[in-house]
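FYI, the numbering just counts along the sequence from 1.
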Amino acid sequence: MPLLSSSPSSIAILGAGLMGRLLAIELARAGHSVDVYEAGGPDAQGAAARIAAAMLAPLAESAVTEPGVVRMGQYALNRWPQLLAQLVEPVYFQQNGTLILWHRQDAGDAARLRGTLERTQTVVPDLPALQVLDSDGVATLEPTAANRFHQGLYLPGEGQLDNRQLLTALERTMAQLKVRAHWHSARSPEDFAPGTTGQPDWVIDCRGLGARGQWPQLRGVRGEVVRLHAPEVTLQRPTRVVHPRYPIYIAPKQDHVFVIGATEIESDDLSPASVRSTLELLSAAYAVHTGFAEARILEIATQCRPTLPDNLPAVRQVTDRVLEVNGLYRHGFMIAPALLDVVMQCLNTGQSPLAPRFDLALQLQGAAEAATTSP
């Protein structure tokens with residue numbers, strides 16, 4: 001049985017981060033009446049999606065996640081261009097692949113990473129094959145890195161988008177579609193009685209860590225990000241540097257803006273970045289390209305990603321007419337299109353044919369299903 005009726009429904013979405021905005025637009029396009037309640041403002045200052053590099057790197061991320069999430073990432077690389085084409089303004093998106101580099105002293109860690117990625121390709125064989133680079137190969141892809149790195153890995157087809165451009169474009173598209181956005185208006189499912197007179201037909205909870213009252217097992221995984229303006233740097237693709245403490249990435253955006261970060265710190269701490277972390281991030285950038293020495297620091301920011309015990313996303317309906325989406329961890333932009341389409345299938349039909357492809361377990365009243373591994 002579908003969760004939504006065939007006639008237009010009234011839906012309240014809690015949380016206007018990435019998932020909340022995507023769902024609001026999709027539901028409004030389908031003719032439903034949508035209200036969004038967000039604790040912060042339209043600039044998404046409190047959202048994990050604002051402090052991110054928005055890399056779409058399924059093979060690279062397989063070092064820290066499961067094959068189902070890798071398949072979600074593959075799906076997103078095709079789905080994002082379709083979603084972006086429906087927005088009221090353009091969003092930076094590119095697919096120039098991912099470059100992985102390492103210093104000589106980290107060759108052992110790099111070899112282990114390569115082994116992990118090659119095992120992933122046996123499980124998900126339709127991923128583009130990784131390429132092992134010598135110094136000439138590095139020079140061909142990123143000439144300015146060739147003097148400092150003499151070997152690397154190239155993961156073709158991987159991509160990225162500009163997270164802040166996207167959040168802005170989503171908010172403006174919501175407004176065009178007459179989505180009613182209630183900014184600085186935190187709500188929880190207990191504030192509604194869905195299905196009764198004067199109340200929404202459904203509540204969809206996308207609050208991330210704000211939903212800990214409903215998901216006590218949620219934890220935060222801290223991310224620290226430096227945004228730089230570096231006119232002398234011309235990196236063409238996201239570059240990852242193998243690091244003994246955590247993976248460091250450099251993601252180029254438009255107009256010589258770069259996002260440098262690491263997202264593997266198990267902590268709920270939202271205090272400012274430490275000197276140690278900031279030095280490590282900036283040192284990694286300088287090691288890749290000396291032009292970062294003259295860059296201007298635009299921002300040093302921290303945020304925590306909502307993460308469940310298995311580090312996997314979840315979609316569930318625990319109470320009547322309340323659907324919950326959470327646990328996107330560090331993969332938000334990479335898996336959001338897949339979760340969006342799974343949720344829309346659930347709402348429209350009561351089940352999701354896509355969920356087994358992504359090994360995604362769904363908990364739906366009257367339509368419980370546990371996804372099985374795709375062949």
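Between Phe292 and His289, the ring planes lie perpendicular to each other; the angle is over 60°, past the 30° to 60° tilted range. The aromatic rings of His103 and Phe149 sit tilted relative to each other, their planes meeting at an angle between 30° and 60°.
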- Task: Would you please test Leu364 and Arg316 for side-chain contact (heavy atoms from CB on, under 4.5 Å) and show each step?
- Result: CA-CA 6 Å; Leu364 304 177; Arg316 71 179 189 180; over 6 Å; no

- Item | Stepwise side-chain contact (heavy atoms from CB on, under 4.5 Å) test for Leu166 and Leu18 | CA-CA 9 Å; Leu166 175 63; Leu18 178 60; 3.9 Å; yes

- Derivation of the side-chain contact (heavy atoms from CB on, under 4.5 Å) call for Arg305 and Leu328: CA-CA 7 Å; Arg305 278 67 169 163; Leu328 276 68; over 6 Å; no

- Verdict with supporting geometry, Leu59 and Gln121, side-chain contact (heavy atoms from CB on, under 4.5 Å): CA-CA 8 Å; Leu59 181 54; Gln121 294 197 293; 3.8 Å; yes

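Remark: side-chain polar atoms of Ser283 are not paired, donor with acceptor, to backbone N or O of Glu280 under 3.5 angstrom. A side-chain donor-acceptor contact under 3.5 Å links His32 to the backbone of Ser9. Side chain of Gln199 to main chain of Ala193: a donor-acceptor pair is present (N/O by atom type, distance under 3.5 Å, no hydrogens or angles). Remark: side-chain polar atoms of Ser185 are paired, donor with acceptor, to backbone N or O of Trp183 under 3.5 angstrom. When atom types are taken as modelled, the side chain of Glu38 and the backbone of Gly40 share a donor-acceptor pair closer than 3.5 angstrom. Thr302 places a side-chain N or O within donor-acceptor distance of the main-chain N or O of Ser271, the cut-off being under 3.5 Å. The backbone N or O of Asp269 sits less than 3.5 Å from a side-chain atom of Arg222, completing a donor-acceptor pair. Remark: side-chain polar atoms of Lys178 are not paired, donor with acceptor, to backbone N or O of Val34 under 3.5 angstrom. Side-chain atoms of Asn163 come within 3.5 Å of backbone N or O of Arg50 as a donor-acceptor pair. Here the side chain of Thr239 pairs a donor or acceptor atom with the backbone of Arg237 at under 3.5 angstrom.
Distance check: Arg227 CZ to Ile297 CD1 gives 13.5 Å after rounding to the nearest 0.5 Å. To the nearest 0.5 Å, atom SG of residue Cys304 and atom CG of residue Leu270 are 4.0 Å apart. Taking CG of Leu228 as the start and CG of Leu298 as the end, the distance is 6.5 Å to the nearest 0.5 Å. In this structure, CD on Glu118 lies 5.5 Å from CG on Leu130, to the nearest 0.5 angstrom. If you take CG on Leu56 and CE on Met334, they are separated by 8.5 Å, rounding to the nearest 0.5 Å. Between the CG atom in Asn311 and the OH atom in Tyr329 there is a gap of 4.5 Å [rounded to 0.5 Å].
Both Val343 and Ile25 belong to a common hydrophobic cluster when Ile, Leu, Val, Met, Phe, Trp and Tyr are linked at side-chain heavy-atom distances under 4.5 angstrom. Val226 and Tyr286 end up in different hydrophobic clusters when Ile, Leu, Val, Met, Phe, Trp and Tyr side chains are linked at under 4.5 Å. Note: the hydrophobic cluster containing Tyr154 also contains Val288 (ILVMFWY, side chain heavy atoms under 4.5 Å, direct or indirect links). In the hydrophobic cluster analysis, where Ile, Leu, Val, Met, Phe, Trp and Tyr join through side-chain heavy atoms closer than 4.5 angstrom, Met72 is grouped together with Met344. Leu312 and Val318 are assigned to two separate hydrophobic clusters, defined by single-linkage of ILVMFWY side chains at heavy-atom distances under 4.5 Å.
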With a cut-off of 3.5 Å and sequence neighbours excluded, list every side-chain donor-acceptor pair involving residues 87-100.
unit_1 : atom_1 : unit_2 : atom_2 : d
Glu89  : OE1    : Arg172 : NH1    : 2.9
Glu89  : OE2    : Arg172 : NH1    : 3.3
Tyr92  : OH     : Gln94  : NE2    : 3.4
Gln94  : OE1    : Asn96  : N      : 2.9
Gln94  : NE2    : Gln236 : O      : 3.3
Gln95  : NE2    : Gly157 : O      : 2.9
Asn96  : ND2    : Gln236 : O      : 2.9
Thr98  : OG1    : Glu158 : OE1    : 2.6

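Side-chain contact between Ser188 and Arg207 is present, with heavy atoms from C-beta onward closer than 4.5 Å. Side-chain contact between Val225 and Leu281: absent, with no pair of heavy atoms (C-beta onward) separated by less than 4.5 Å.
When only modelled atom types and interatomic distance are considered, Ser33 and Arg180 share a side-chain donor-acceptor pair under 3.5 Å. Under the 3.5 Å distance criterion, with hydrogens and angles disregarded, no donor-acceptor pair is assigned to the side chains of Gln74 and Arg71. Between the side chains of Arg119 and Thr116, at least one donor N or O sits under 3.5 Å from an acceptor N or O. For Asp341 and Tyr75, the side-chain atoms include at least one donor-acceptor pair closer than 3.5 Å.
The two atoms that bring Ala146 and Ser135 nearest to each other are CB-O, 4.4 Å, heavy atoms only.
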